[in-house]
Each structure stands twice: as C-alpha cells, then as structure tokens.
**Q** 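Quick one: this structure, given as structure tokens, is what I'll be asking you about.
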Protein chains: 2
Amino acid sequence: MFHPACPSSAMPIRVGDKWSAMVILCLEQGPRRFSELRIPLRAPTPKVLTQTLRALERDGLITRTVYAEVPARVEYELTALGHTLLELIAAGRRWAEEHMPTLLAARDAYESHNTGTG
Amino acid sequence: MFHPACPSSAMPIRVGDKWSAMVILCLEQGPRRFSELRIPLRAPTPKVLTQTLRALERDGLITRTVYAEVPARVEYELTALGHTLLELIAAGRRWAEEHMPTLLAARDAYESHNTGTG
DNA sequence: CAGCATCCAAATCGATACTG
DNA sequence: CAGTATCGATTTGGATGCTG
C-alpha cells in the first residue's frame, strides 16, 4: 500500500507535504487513531505525524476527537472537505497507474546518458 | 495568473517541486523560451528554473530544443506525457476553485484560536 | 497511548557572479 | 540569451528523550 517504491519517491503529485495525501488515504475507510496511522505510513517519528495532522486539522480536512479514557485515545476522521480531496487523490493515482511507467522509462533513458553511453 | 496569493502559498496540491506545475501550465499554449518562462513565473534565479526544467525533461514531460543561432535560442515544449499531466493539474485547479474558500475559512477560524479568544 | 521539546540532516529556494 | 558555479537562508523530514 504505502511501500517506498510507490508513492512519493517518484510520484510527481503531492497534496501538501510528504505525508498529507497518505494520511487522507488512510482515513478514507473511517476514523483512525494516532498509532494506527504510524504503522501503515511508516512515519517513524510522532513529531512529523503530529505536524501533518495539525496542518490537516487547521485546513478543516480532518477532525481531532479526544476521548477522556485512561489510556488516552484520540481519533482522527475526514471532514466533508477532506472527502472532496479523496477524488483528487484518486485522480492522481489513476494518472500514476497509467503514465508512471512511461515517466519511469523516460527517466531511466535519461539516466543512461551518464552511465551507459557517456 | 501566477500571483503569490493563488498558487503554492495555500494550494495543497503540488505536481513535483514548487515550480513544476507552473512551468507545465506556462507551456500549455505552446513552446516557450527560457526567458519567457522566467517572467510569468517570477522565478528570480536561472538556477531554480534550470533545475525544474531539467527534472521535467528527465521525466519525459518536456523537450528541450536548441537552435544554433547567434543569440542562442532554446525552446521548451510539452511532450505527450506532459500533456496528460495538464488534465490532472486542471483537476487540481477545479478543486481549488471550488473548495479553497472553505479551506481558507477553516484555516482562518483555526488561527483565531491563538489571536482571538486565547 | 498521545504528544511535546530539543537537536540534527537533507532537500529546496534563492542571490550573486561569471561564461559561451 | 541561456546556462553554470558557488554560497547562504529557509524549509522539511527525522532521531532522541521526556511528560501527562
């Protein structure tokens, strides 16, 4: 799903920063907890995830709900505005599925200038 | 068109780096010269523009044609692959036109927490 | 479990100066 | 005109350690 080869490595489309699009995608199927987002995203540090989450919350794309339980529980969920972004991300993924091989081939051919012939 | 308020300031959608999408947009109506890209883009330094152009060329999104004239002339033009990206960028712009006011309003409301009430 | 504070590395953007 | 080379400021992502 979010393995290093697929997304932001070569993907020419971004939504904001490096993680925003992936967070939104993770939230597509429903609310997720802080730790639940760290695993699939491979976001090693909570700081970066917090930054991303805060920025998303600031822009009204997600909501942050705190449950007063003993092990503190916080859930993040997409807003209506956040859902509209899903379509755009899907469009980006469709483009990638269709044209990324061509782009990668072109990139590979371009790199050959330095290592292959020259 | 490319005034500081519109594009990457608040725009949550990017194509690659800060300038790639704008370069592609500038090339939509036909080939453009190096200097012709610097004016509308407000890319102050040739270095940054060159980097963007090279990356785009590397990915097969644009072509670079050099004309052996006395004042050297170089033209950049969108490839077929580059054209496919136009649709995606257009989708991003449509999203921005429709939802950006909502996003900005949410952001503004969020900022009020710090300056207004607290 | 969720989040913050501090320090650090890397990428990016940018200004100045110079060449064919 | 088009592009390169060098240096600096800003931004971003990341690692470690600590708190409620």
Side-chain angles (χ1 to χ4, degrees), chain A residues 2 4 7-23 26-27 31-59 62-77 110 113-114 118, chain B residues 2 4 7-23 26-27 31-59 62-77 110 113-114 118:
Chain A
F2 290 115
S8 44
S9 307
M11 180 77 137
I13 290 90
R14 292 270 187 83
V15 167
D17 52 19
K18 186 176 180 179
W19 303 102
S20 293
M22 285 185 270
V23 168
C26 276
L27 260 30
R32 291 284 181 272
R33 304 177 59 171
F34 189 86
S35 294
E36 289 180 315
L37 290 171
R38 292 193 62 187
I39 292 91
L41 259 37
R42 315 285 275 289
T45 69
K47 179 197 151 191
V48 176
L49 184 56
T50 301
Q51 277 179 180
T52 307
L53 258 14
R54 282 288 190 283
L56 257 25
E57 188 193 1
R58 187 182 76 139
D59 287 351
I62 65 174
T63 57
R64 178 174 176 272
T65 309
V66 184
Y67 297 91
E69 302 177 357
V70 177
R73 185 162 63 97
V74 179
E75 283 195 346
Y76 295 90
E77 188 172 12
Y110 187 91
H113 293 181
N114 302 332
Chain B
F2 290 115
S8 45
S9 308
M11 180 77 137
I13 291 90
R14 291 268 187 84
V15 167
D17 53 18
K18 187 176 178 178
W19 304 103
S20 293
M22 284 185 272
V23 167
C26 275
L27 259 32
R32 291 283 182 273
R33 305 178 59 171
F34 190 86
S35 294
E36 290 179 314
L37 290 171
R38 291 194 62 188
I39 292 90
L41 258 37
R42 315 285 275 291
T45 69
K47 178 197 153 191
V48 176
L49 184 56
T50 301
Q51 277 179 179
T52 306
L53 259 14
R54 283 287 190 283
L56 258 24
E57 188 192 2
R58 187 182 75 138
D59 287 351
I62 65 173
T63 57
R64 179 174 176 271
T65 309
V66 184
Y67 297 91
E69 302 178 356
V70 177
R73 185 163 63 99
V74 179
E75 281 194 347
Y76 295 90
E77 189 171 12
Y110 188 92
H113 294 180
N114 302 332

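Quick note on labels: first sequence line is chain A, next is B, and so on, each numbered from 1.
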**Q** Roughly how many Å is it from NZ in K18(A) to P in dA11(C), rounded to a whole number?
**A** 10 Å
**Q** To the nearest 0.5 Å, how far apart are CG in L56(B) and CG in D17(B)?
**A** 7.5 Å
**Q** When all nucleic acid strands are considered with a 4.0 Å heavy-atom cut-off, which category describes Y67(A): base, sugar-phosphate, or nothing?
**A** nothing
**Q** Closer than 4.0 Å, any side-chain N/O of S35(A) to the OP1 or OP2 of dA2(C)?
**A** yes
**Q** Quick check: on DNA chain C, is the nucleotide nearest P46(A) upstream (toward 5') of the one nearest V70(B), or the reverse? Name the residue that is more 5'.
**A** P46(A)
**Q** Would you mind reading off the distance between R38(A) atom CZ and dG13(D) atom P, rounded to a whole angstrom?
**A** 15 Å
**Q** Does R73(A) put a side-chain nitrogen or oxygen below 4.0 Å from OP1 or OP2 of dA2(C)?
**A** no
**Q** Of the non-hydrogen atoms in Y76(A) and I62(A), which two are nearest, and what is the gap between them?
**A** CD2-CD1, 3.8 Å
**Q** So how far is it from L53(A) CG to R32(A) CZ, rounded to the nearest 0.5 Å?
**A** 13.0 Å
**Q** Among dC13(C), dA2(C), dG17(D), find the nucleotide with the atom closest to the side chain of F34(A).
**A** dA2(C)
**Q** Nearest 0.5 angstrom please: D59(B) CG to R54(B) CZ, how far?
**A** 13.5 Å
**Q** Can you tell me how far apart CD (E57(B)) and OG1 (T50(B)) are? Round to the nearest 0.5 Å.
**A** 11.0 Å
**Q** Please list residues of residues 47-57 of chain B whose heavy atoms come under 4.0 Å from any atom in DNA chain D, ordered by number; otherwise none.
**A** K47(B), T50(B), R54(B)
**Q** Would you kindly compare A72(A) and W19(A) by the position of their nearest DNA chain D nucleotide and give the one closer to the 5′ end?
**A** W19(A)
**Q** Pick base, sugar-phosphate or nothing for R64(A), based on heavy-atom distances below 4.0 Å to the nucleic acid.
**A** sugar-phosphate
**Q** Does R58(A) have any side-chain hydrogen bond (donor to acceptor under 3.5 Å, both in side chains) partners at least two apart in sequence or in another chain, and if so, which?
**A** E111(B)
**Q** Starting at atom CZ of R33(B), determine the distance to atom P of dG3(D), rounded to an integer number of angstrom.
**A** 10 Å
